[in-house]
Protein chains: 2
Amino acid sequence: MRRNMGVYADLRERLIAGYGDLSPQLQKAARYMLDHPDDVALKSMRSLARAADIQPSAIVRLMKTIGLESYQDFRLGYQNRLRDLPASYAGRAWQLQHRSAGEDHSEDALLGEIARQETDNLLRSFGPEARRAMRSACEYLEQARRVFVVGRRGAWPAAFQFAYACRLFRDDVTLLEGVAGTFGDELRGLGRKDVVLAVGFAPYTSETVKVTEFAAAQGAAIIAVTDSDVAPIAVQAAVTIVIADGSPSFFQSFTAAVSVLQALVALLVARGGEGALQQIASAEEQLAVFDTYWQDAGIKRNSRS
Amino acid sequence: MRRNMGVYADLRERLIAGYGDLSPQLQKAARYMLDHPDDVALKSMRSLARAADIQPSAIVRLMKTIGLESYQDFRLGYQNRLRDLPASYAGRAWQLQHRSAGEDHSEDALLGEIARQETDNLLRSFGPEARRAMRSACEYLEQARRVFVVGRRGAWPAAFQFAYACRLFRDDVTLLEGVAGTFGDELRGLGRKDVVLAVGFAPYTSETVKVTEFAAAQGAAIIAVTDSDVAPIAVQAAVTIVIADGSPSFFQSFTAAVSVLQALVALLVARGGEGALQQIASAEEQLAVFDTYWQDAGIKRNSRS
DNA sequence: AGTTTAATGAAACATTTGTTGTGAAAATAG
DNA sequence: CTATTTTCACAACAAATGTTTCATTAAACT
């Protein structure tokens, strides 16, 4: 049991240690195997290659370069790991509250409880009512002249995430940032055809509340992403998406909010069809121009020893 | 995941239920499979037959007598039990349960698929390896002189969320914002006793990669929150927390990253004990001074439309 | 530049895989 | 006992598997 874990860890270690010296294709292979250990154990070499988008031969070559006789040996290590795993992980998450073995119990229990709560939040937040609200929100967003997104403090990540993703395929989305005390300035000209998407959870920041009040006064449609149908930012909203934010710690969880807003973007893109996809493609090109992303100059391939 | 366990349990149930009426050879087969579920998942049919000392054909016949099309279906159920990844079965079933009757089906299917993927990502990202990494990361964070948090573009929300929560109970956490092109300036004076927490997923922003390279050169400990053990920002890291970011749309999902970083904060607070709680309490008081939060002056009771 | 070296994709290889037939053996019934 | 059905081992099959080979491409070196 311990021994098997050791074999697996050793194999993994070999992949990581040698990674830098591998050829691009072999890196791709190694990387997929590191990221999907279960696939190694359960799939065949060929279907693994298919999943990793490489040639079967690349796997064999990888095995030899990290000093193994055959792929089968390698897979055996991964299979044994799976055998010794406490149980299915899914099952484990469920029963984690009751069972425990070895190591520090209290911390692992806390993490288990968090994981449980988070999945719970997710499932709740993707319930039928929320879905209906999301679809409704989509329609407002599509027909909006401009979209303003607001979220302060804890809700900021979710708001940012939404605006960031949206701007990849439409240019009429504004995130209220409020740098240097300019908050609210971006709202100038807000009108009847505009949409304000407000994200906020208790305790609600006064800024966000004010924005919704202002938006309502201007006749703009409000989409509220919040924790209650009667949240102050929801009372005047056209659409309210209620998110579960339960957490074992005293800090509320914004995970589900991020997830739902991501999903909202996905919905918008799906509806946008071909046009949206092209926009995204050109956005990517533009980013390449700015040299935004790191080019794999081959994770420094050390001079061969 | 619930459903997934259900598939396995169902198959097992079929074997047991039909057991009495089976022919001796088929009983032998069924018995072996009941006693060695792992073998079913990992071995081939032929080697399973060899291990059980029966003919391969007996297995096929057993499948048909318990009402299955093929052995491969059967094995799939067993494999999914072992897998971290709750399989397509689970997803389908979950969708069936939660579908809102009628309405547009394709959009609902998309949302269902997203929800499934997200919970999946969460469970993976709270797996045993990740938990170990999180605990290890905690120790580095606790002993750090200063903590620098970096995350650009898509990873920004997660980085922000972490830094924001941390600042509620410690004042030595700096988020690299890089307003007005000042990115990197905040790192001045980075040294051996400091910790850099870098969040980033493929495609990795060059800024984040550069920060980790700089940090490594300065001898600071790096905590990488990323999608692979061999991500460019992970290669020099002291701790790597691997997050699942699978998504049905082509945007990767940052949900799990946000969640894990939230959990990391919870862990830190749990370890910090009473002291941390007091810090938080005083932070809240301070916020009240600035009138940050909306005071419930009696939810304006509009005539509900 | 040209030459050597390494890396890659695709085809070919011998096994092994899951599955289906067939006829001998065993069990059951008349 | 024979007749009939069920059970089973074994051979046969196409499809898929793990591995090797080889020509072609890309990189490194002089």
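Owing to the predicted nature of the structure, the values given are computational and were not obtained by experimental measurement. Below, chain A is the first sequence line, B the second, and so on; all start at residue 1.
Annotation: the span from B:Q72 atom CD to B:M63 atom CE amounts to 11.5 Å, rounded to 0.5 Å. Between the OH atom in A:Y71 and the CE atom in A:M45 there is a gap of 7.5 Å [rounded to 0.5 Å]. How far CD1 of B:I66 is from CG of B:L15: 4.5 Å, rounded to the nearest 0.5 Å.
Put simply, CG on B:L48 is 15 Å from C1' on C:dT19, counting in whole angstrom units. Whole-Å rounding puts the A:F74 CZ to D:dG18 P distance at 13 Å. As a whole-Å value, the separation of A:E69 CD from D:dT19 P is 10 Å. If you measure from atom CD of A:Q72 to atom P of C:dT15, you get 14 Å, rounded to the nearest angstrom. Whole-Å rounding puts the B:I59 CD1 to C:dT17 P distance at 11 Å. A straight line from CE of B:M45 to C1' of D:dA15 spans 13 Å, rounded to a whole angstrom. Taking atom CD on A:Q79 and atom P on D:dG18, their separation rounds to 10 Å, with Å as the unit. Taking atom CG of residue A:D73 and atom C1' of nucleotide D:dG18, one finds them 12 Å apart after rounding to whole Å.
Between A:S44 and the phosphate of D:dT17, there is a side-chain N or O to OP1/OP2 separation shorter than 4.0 Å. Between B:R75 and C:dT17, a side-chain N or O to OP1/OP2 separation shorter than 4.0 Å is absent.
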Step by step, would you call B:S228 with A:D35 a side chain to side chain donor-acceptor pair (under 3.5 Å)? CA-CA 6 Å; B:S228 168; A:D35 296 348; 3.1 Å; yes
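Defined by atom type and a distance below 3.5 Å, a donor-acceptor pair is present between the side-chain atoms of B:S253 and B:E118.
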Between protein and nucleic acid, restricted to nucleotides 8-14 of chain D and to nitrogen or oxygen atoms under 3.5 Å apart, what atom pairs and distances do you find?
| from | atom 1 | to | atom 2 | distance (Å) |
| --- | --- | --- | --- | --- |
| D:dC8 | OP1 | B:Q25 | N | 3.0 |
| D:dC8 | OP2 | B:S23 | OG | 2.3 |
| D:dA9 | N6 | B:R61 | NH2 | 2.9 |
| D:dC10 | N4 | B:S57 | OG | 3.2 |

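In this structure, the nucleotide among D:dT19, C:dT19, C:dG18 sitting nearest to the side chain of B:S70 is C:dT19.
Looking at heavy-atom distances under 4.0 Å, A:K64 makes contact with sugar-phosphate atoms alone, never a base.
Under the side-chain contact (heavy atoms from CB on, under 4.5 Å) criterion, B:D39 pairs with A:R83, B:Y32, B:H36, B:K43, B:L48, sequence neighbours left out.
Under a cut-off of 6.0 angstrom, the local environment of CZ in A:R170 is crowded, with over 12 non-hydrogen atoms contributed by other residues, nucleotides or ligands.
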